[in-house]
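Written out below as structure tokens is the structure these notes cover.
Chain letters run A, B, ... following the sequence lines, proteins first, then strands; residues in each count from 1.
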Amino acid sequence: MTVPITVNGAPAELPAGATVAVLVAERSGGHDRVAVARNGDVVPRSSWATTELSPGDRLEVLAPTAGG
Amino acid sequence: MSSTTPTPPDELAPALAHEEATDPFTIAGQTFTSRLVLGTGGLPSLEVLERVVRASGTQLVTVALRRVEAVPGGSMLEVLERCGVRLLPNTAGCMTAREAVLAARLGREAFGTDWVKLEVIGDEVTLLPDAVELVDAAEQLVAEGFTVLPYTTDDPVLGRRLADVGCAAIMPLGSPIGSGLGIRNPHSIALLREAVDVPVVLDAGIGTASDAALAMELGCDAVLLASAVTRARDPERMALAMRQAVEGGRLAHGAGRIPRRWHAQASTAMQGRPELG
């Protein structure tokens, strides 16, 4: 069983029951201070481990970068 | 010959210049002695970033959030922490109040600060702010406890509306972002400075050092620039130029410029002029 979701604009699948913490571990690419939005709301770091992904969730996994 | 030992000008002037040019200003209770705010986008490496930040003397730099796969490796934040600067997350690229509010919340989560450079862009060609969405977003973010520094037009009335909803500073453009066209309407910037009680930070359009000096001469409290330094042929040298321009402009503003005159006015007295013809 997998959960179909959208991550940073592209379709993705994670095992059923996966949390935001699992997603971040898979996607953060070594970046720290990552921030996550789920369906238009911030998922605070303190909730990553307890926030289970649902089918159709739209996630943004973001990292600090330079900007003006 | 007088026996008094003259004081070399080098010993007097820099002391005065340093004291005057670094007179502090405050945003939301945070005091800065550097009046140059630096945007970090567009530099080739973290090494250059560090040299530029140090040369500029800045104490406040803007940063952004982007999708992880688009962000280069290396820890920019480590470099900035080593430089001892405060972070100002931006909402660059947002086109609605809803997007900008979420971007600000994400910035607070990632960077651990409730300061935000609020950008709500209304047009991808000019990157000019969308006034209606901007005020809406500013009002929401102030209510959520953010320290909001909005990037806005040079309209004094809009600036006052942003101050009225509780923004901690107003950041008018001199000309469109990255255009390097300088300050297209100096009169409007000066009017905006008069119209609000919070700090005014000239943001966007700076092309070279004289533009930054003009902003300060017009009474702005600080200058925010990115491209003028990061896209210069020698970013570190331009960062130093901007630092000195901001200090020079601040000094000139405090010193009080002479009024403009239509005709010449001799500085050497005519009284006692010899007949040499």
Side-chain angles (χ1 to χ4, degrees), chain A, chain B residues 37-46 48-49 52 61-80 87-93 98-99 101-112 117 119 127 151 177-178 203-204 224-231:
Chain A
M1 278 283 286
T2 57
V3 190
I5 54 177
T6 304
V7 181
N8 290 352
E13 292 199 350
L14 280 178
T19 61
V20 170
V22 170
L23 173 71
V24 171
E26 188 174 290
R27 293 298 188 110
S28 63
H31 292 287
D32 53 7
R33 311 275 284 268
V34 164
V36 178
R38 175 175 176 250
N39 302 329
D41 286 315
V42 179
V43 185
R45 184 175 287 261
S46 56
S47 303
W48 286 359
T50 53
T51 305
E52 277 192 25
L53 300 172
S54 302
D57 275 356
R58 290 174 298 106
L59 291 124
E60 294 285 339
V61 184
L62 310 175
T65 190
Chain B
V37 184
L38 196 67
T40 54
L43 287 167
S45 71
L46 292 178
V48 177
L49 171 65
V52 160
V61 301
T62 62
V63 288
L65 285 177
R66 284 294 177 262
R67 288 172 167 172
V68 283
E69 59 270 21
V71 173
S75 184
M76 175 191 69
L77 293 180
E78 262 177 37
V79 169
L80 295 177
L87 301 180
L88 179 60
N90 69 24
T91 63
R98 182 185 160 77
E99 275 184 294
V101 167
L102 178 56
R105 290 174 185 156
L106 287 162
R108 177 162 63 181
E109 175 74 10
F111 297 108
K117 172 182 167 176
E119 288 182 52
L127 299 179
Y151 161 67
I177 292 171
D203 179 6
L224 194 164
L225 54 88
S227 305
V229 162
T230 63
R231 286 172 20 210

In terms of heavy-atom proximity below 4.5 Å to chain A, should [X] be classed as side chain, backbone, both, or neither?
{"X": "B:P89", "answer": "neither"}
{"X": "B:F111", "answer": "both"}
{"X": "B:A226", "answer": "side chain"}
{"X": "B:L77", "answer": "side chain"}
{"X": "B:E99", "answer": "neither"}

Return a table of donor-acceptor pairs under 3.5 angstrom between the side chains of residues 34-43 of chain A and protein atoms on other chains or two or more places apart.
| residue | atom | partner | partner atom | Å |
| --- | --- | --- | --- | --- |
| A:R38 | NE | A:D57 | OD2 | 2.8 |
| A:R38 | NH2 | A:E52 | O | 3.4 |
| A:R38 | NH2 | A:D57 | OD2 | 3.2 |
| A:N39 | OD1 | A:R58 | N | 2.7 |
| A:N39 | ND2 | A:D57 | OD1 | 3.0 |

**Study point:** Criterion side-chain contact (heavy atoms from CB on, under 4.5 Å) against B:L38, the qualifying member of B:V52, B:L224, B:L49
**Key:** B:V52
Heavy-atom side-chain proximity of [X] to [Y] below 4.5 angstrom:
{"X": "A:P11", "Y": "A:T6", "result": "no"}
{"X": "A:L14", "Y": "A:E26", "result": "yes"}
{"X": "A:E60", "Y": "A:N8", "result": "yes"}

Point to revise | For A:T2, side chain to side chain donor-acceptor pair (under 3.5 Å) partners two or more places apart | key: A:E13
Check your understanding: Side chain, backbone, both or neither: which part of A:T65 has a non-hydrogen atom closer than 4.5 Å to chain B?
Key ->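 Contact with chain B involves both backbone and side-chain atoms of A:T65.
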Exercise for review: For chain A, find which of B:R108, B:E119, B:R98, B:E69 contributes the most heavy-atom pairs closer than 4.5 angstrom.
Suggested key: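 Max contact count across the listed options: B:E69.
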